[in-house]
Amino acid sequence: MSQTTQAQKEQQLKEQQKEQQQQQLALPVAPALPAGAADLRELLKGTDRYNPTHIERLEKYIQEQVTDGTYDFESNLALLRLYQFHPTKVNADASAQVLLKMLLVLPAGDYASSLFLLSDKLQADESIKNIVAAAHHLEAAQFIQFWSLVNATPKIKQLMPSFADEARKFIAHILSVSAQSMDQLLLSKFLDLQAGAFDSFVAAQGWAVERDAVSFGVNKDNQAKSKNISEKIPFNNLTKLLGQAFA
Amino acid sequence: MFSDSIEIETEAMGTYVPSSANNRSGRRGNNDGNYAAFQQGDFPMSSGAGLFGSAEAAGAIPIGAATSAGLFGTPGANVAAAAAAATAGAGAGAGASSAAAAAAATSTTNGIPDIVAKFLIFFQRTLAENKNVNEITSVYDGGFAQTTERYYKNAPWPSADLIAPLVDNDTFFLILYKELYYRHIYARLTPTLEQRLESYENYCDLFDFILNRDQPVDIELPNQWLWDMIDEFIYQFQSFCQLRARADTKTPEELAFFEANPQVWDVHSVLIILHSLAEKSNINQQLELQRVGGPNAEGLAAVAGEFGSRGLYRQLGFFALIGLCRLHCQLGDYYQALKVLDSLDFGRRGMHFKVPACQITAYYYVGFAYFMLRRYQDVVRTLSSILLLMLRTRLGNFGPSHQVDMSSKKNEQMYALLGMAVAFNPQRLDETLQATLREKLGEKYQKLQKGDEATFEELFKAACPKFIAPVVSDTPSNPLALQQRLFLAEMKQQILLPAIRSYLKLYTTMPIAKLASFLDVDTDTCRTQLLSYKHKMRSVVWSQGPPLSGEFHSTSDIDFYLNKDMIHIADTKVARRYGSVFIKLISNSRTPNDKLASA
């Protein structure tokens, strides 16, 4: 008896989760955590988070993430925090790498939360300035300006060789959740890809070419469904009122 | 001569006791009642909170009177005074003479009026002998404040060295006294560098005394006092950092002082103290257990441990969490600010903040952190709930005067934040709240809707907390300017969105070119703005659990997609809300009914 209810509950839970997933918006696939993430979390627990001896290890760690495409937000934020408290130990390149990494998981709040931690001095740093400007273009969906800035800043490639490729995937994601199809020429400008490279990228994304337009296919975000919001009053909100009625 | 002094005693005590009794029973009691009524899970739409409030306040009067009578340590007098609460003057007079008789042996100490000396002796005794928190509360809220008004309005209290012989050199009492002594200097006078240093050292002594021991301190202190300690601790740190950051106006002596004392008000020690308070009390584990389900007392005690099951440690731990949230906000780490509150559930009814100032502080900083993390829906939700509570129960309008000042300031700041968040993310607010918001912001409200940059800048400056530059760096840093610049950059992107929204709402399909002509931009810019809109309105929205958690949702009430050069739009229909109307009607009809019944 109790087993069946247990099974039913699990079933219900699964259905609820499924429903929630359907309501949730599609996001670019979140990068995996690096292998050493758990150890590092343990290391940065409590007040040890502010221990400057961790800086070196964290700098190595962000370098690892840049190379192997993994991402660990919390540890990266801890690094910026250590820089905030120890301005003499600041490494502008590592900070820039952290920012680049965080850019690619927009619209999550990662980038926003890290920006406020950079000191005036860091904000004035040339490569950081460029990254902030690039982030601005990316968020404002000014992709053409984004690419001209990125292409004019060799330092970005130097800091993170895979940045252009990952940014392209990110843009492709924004486009495919906002539109069902788009002019081919415009798309190639948005992605900063020409001819062969463009065709193979489109093929890899599974998009269909229809004459002068590219169709992204229909997904749950690029359809507009009208929502109906109706009032829901949980019973708990009425207990006081009902209690009074019998008082 | 002896009779003279007695006379002065009775007169002074006489004025002091009944007014304290009035305070406790009238102002405080009323507040507690309202506050408690909400905490017990009052439904949010109720406009009748005052109703329950006054009922409970009536019940609070005898307790308040008993407390102040209990001041004099004669248990029998408690009952008598409670019964004679209305004629407090007579009862207090009797109590006063017995107290004067008990403490008659005090001699005059240099510079300390007899009455103050007696008060201090009494204060120390209440702390040392009395385990009843209510009695300590009445000395802390009533006696201390009144003696301050009377004797030390614009002067410091006697130094701890002077009063040490009066109180048998009671170490813990002297530390607590110094906490009050320096706090009073910060509030009424300008502290010197020396005093800032001493106050810092005293805080270290205080927390060291509480934390570094095998057995918990066997004392309970009023929640208000504990909150004031944590609040003041962070305030003094902030004040010191501001002083240190003002590089241009520093005198050589000041520079030498900062040079010689790098450890004073060091950001690490402040963080470590707050973290240690939270850890010692296992407050996170306790809150976690409370969240997952109705905790039984034994389970809670097991998790809390020897220290955490004491009110003193539990409350300090909880306040330290709120303090950490505040501190992280002031340092610009908004993620961490919310992260430290992981075990709090702001959706749950009856979260026990205990002290109104603490509750207001918590909601303000959580709201501000959401604001900077661009989670505008969460800003509106968080701030609406506390502002409505403040409107309906007048939360924060009672209690010690510094708390009232702080509440009204935070109240203004929260309306400014709410106004900006609503401008970014238009949505329907509660009617009363909407009206108050418009009234508070006046013409600025319209300017926000139009995206006026100067208004945003002005409101941001007014609404943000005091930012802290935690360390001295070679380049002069101005954290406010930095945070403000970053915010305005974000604001310029956000503010395009409401205009686009207002046009999209009118159509189901429209070509991009047409929208571009409405917005007075070219087609490419318009397409860019549309893509940005779709991107920006995808935001994390909290639904339950830790404040940081949440799922990506579209926060806009309209949805659209592009198909080549055509925009397809779907609107959201909001059904009328009946619940609040009915509840209002029910409570309206109850009032005359109740009156009839009681007549």
Side-chain angles (χ1 to χ4, degrees), chain A residues 20 23-25 27 46-47 50 73 77 81 84-88 106-110 112-121 123 132 136 139-144 174-175 177-183 186 213 221-231 233 236-241 244, chain B residues 41-46 267-268 271-272 275-276 279 331-336 372-375 470-471 473 475 477-478 482-483 486 489-490 493 528-532 534-536 538-540 551-554 559-564 568-575 577-579 583 586 590:
Chain A
Q20 276 178 359
Q23 280 172 8
Q24 260 181 61
L25 300 170
L27 285 173
T47 47
Y50 314 110
F73 170 64
L77 195 69
R81 195 67 192 269
Q84 188 194 21
F85 288 170
H86 304 276
T88 47
L106 282 171
D110 300 14
S113 38
S114 61
L115 202 56
F116 295 111
L117 287 177
L118 303 181
S119 65
D120 285 336
K121 206 171 163 187
Q123 305 261 2
V132 170
H136 181 83
E139 281 204 274
Q142 297 161 345
F143 301 125
I144 298 169
I174 296 189
L175 293 175
V177 297
S178 313
Q180 290 185 352
S181 65
M182 188 165 272
D183 181 73
L186 194 65
D221 290 305
N222 65 7
Q223 316 172 51
K225 275 174 276 175
S226 35
K227 282 185 278 185
N228 285 314
I229 298 177
S230 54
E231 184 179 25
I233 305 175
N236 280 346
N237 286 359
L238 296 176
T239 47
K240 198 120 194 175
L241 195 73
Q244 282 178 344
Chain B
D42 196 5
F43 48 82
M45 291 143 177
S46 151
V267 64
H268 289 92
L271 282 166
I272 286 169
H275 272 291
S276 313
E279 271 163 31
L331 291 165
D333 191 343
Y334 306 110
Y335 177 85
Q336 207 60 33
M372 296 307 266
L373 291 176
R374 308 176 185 176
R375 291 172 63 165
V471 285
S473 55
T475 47
S477 59
N478 183 347
L482 175 68
Q483 305 279 327
L486 295 173
E490 161 68 7
Q493 287 189 6
T528 298
Q529 289 179 357
L530 282 168
L531 288 172
S532 173
K534 189 93 180 178
H535 169 72
K536 285 254 167 195
R538 294 150 65 81
S539 158
V540 180
E551 286 156 4
F552 273 94
H553 281 285
S554 167
D559 198 5
F560 68 91
Y561 68 91
L562 305 179
N563 201 347
K564 285 179 210 157
H568 298 258
I569 306 140
D571 199 355
T572 303
K573 292 185 189 71
V574 183
R577 287 165 187 265
Y578 295 106
I583 288 174
I586 292 170
R590 274 192 65 85

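Basis for what follows: all heavy atoms, side chains included, without hydrogens, waters or symmetry-related copies. In the text below, chain A, chain B and the rest are named by the order of the sequence lines, each starting its count at 1. Just so we're clear, the structure is a prediction, and the values are computed from it rather than from any experiment.
Heavy-atom pairs under 4.5 Å with chain B peak, among A/Ala213, A/Ala179, A/Ser181, at A/Ser181. Between chain B and the options A/Gln180, A/Gln142, A/Met182, heavy-atom pairs under 4.5 Å are most frequent for A/Gln180. When the candidates B/Leu530, B/Asp333, B/Ile586 are compared by the number of heavy-atom contacts under 4.5 Å with chain A, B/Asp333 comes out ahead.
Between A/Val132 and B/Leu486, the closest side-chain pair of non-hydrogen atoms is not below 4.5 Å.
If you measure heavy-atom distances from A/Leu118 to chain B, the contacts under 4.5 Å come from the backbone alone. With a 4.5 angstrom heavy-atom cutoff, B/His268 touches chain A only via side-chain atoms. Within the 4.5 angstrom heavy-atom criterion, only side-chain atoms of A/Leu77, from C-beta onward, approach chain B. Looking at B/Leu331, the atoms closer than 4.5 Å to chain A (heavy atoms on both sides) sit in the backbone and in the side chain alike.
Ring-plane geometry between A/Phe116 and B/Tyr334 is classed as perpendicular, the angle between the planes exceeding 60 degrees on a 0 to 90 degree scale with a lower cut at 30. Relative ring orientation between A/Tyr50 and B/His275 is described as tilted, the plane-to-plane angle lying within the 30° to 60° band.
Looking at every heavy atom in both residues, B/Ser532 comes nearest to A/Glu139 through OG-O, 3.2 Å. Of all the heavy atoms in B/Ala489 and A/His136, the pair that sits closest is O-CE1, 4.3 Å. For the residue pair B/Thr528 and A/Ala141, the shortest heavy atom distance occurs at CG2-O, 3.2 Å. When every heavy atom of A/Val177 is checked against every heavy atom of B/Lys534, the shortest pair comes out as O-CE, 3.1 Å. The shortest heavy-atom contact between B/Leu373 and A/Ser113 is CD2-CB, 3.4 Å. A/Ser178 and B/Leu531 make their closest contact through CB-CD2, 3.6 Å (heavy atoms, listed as atom of the first residue, atom of the second, distance).
A distance of 9.5 Å separates CG in A/Leu115 from CE in B/Met372, rounded to the nearest 0.5 Å.
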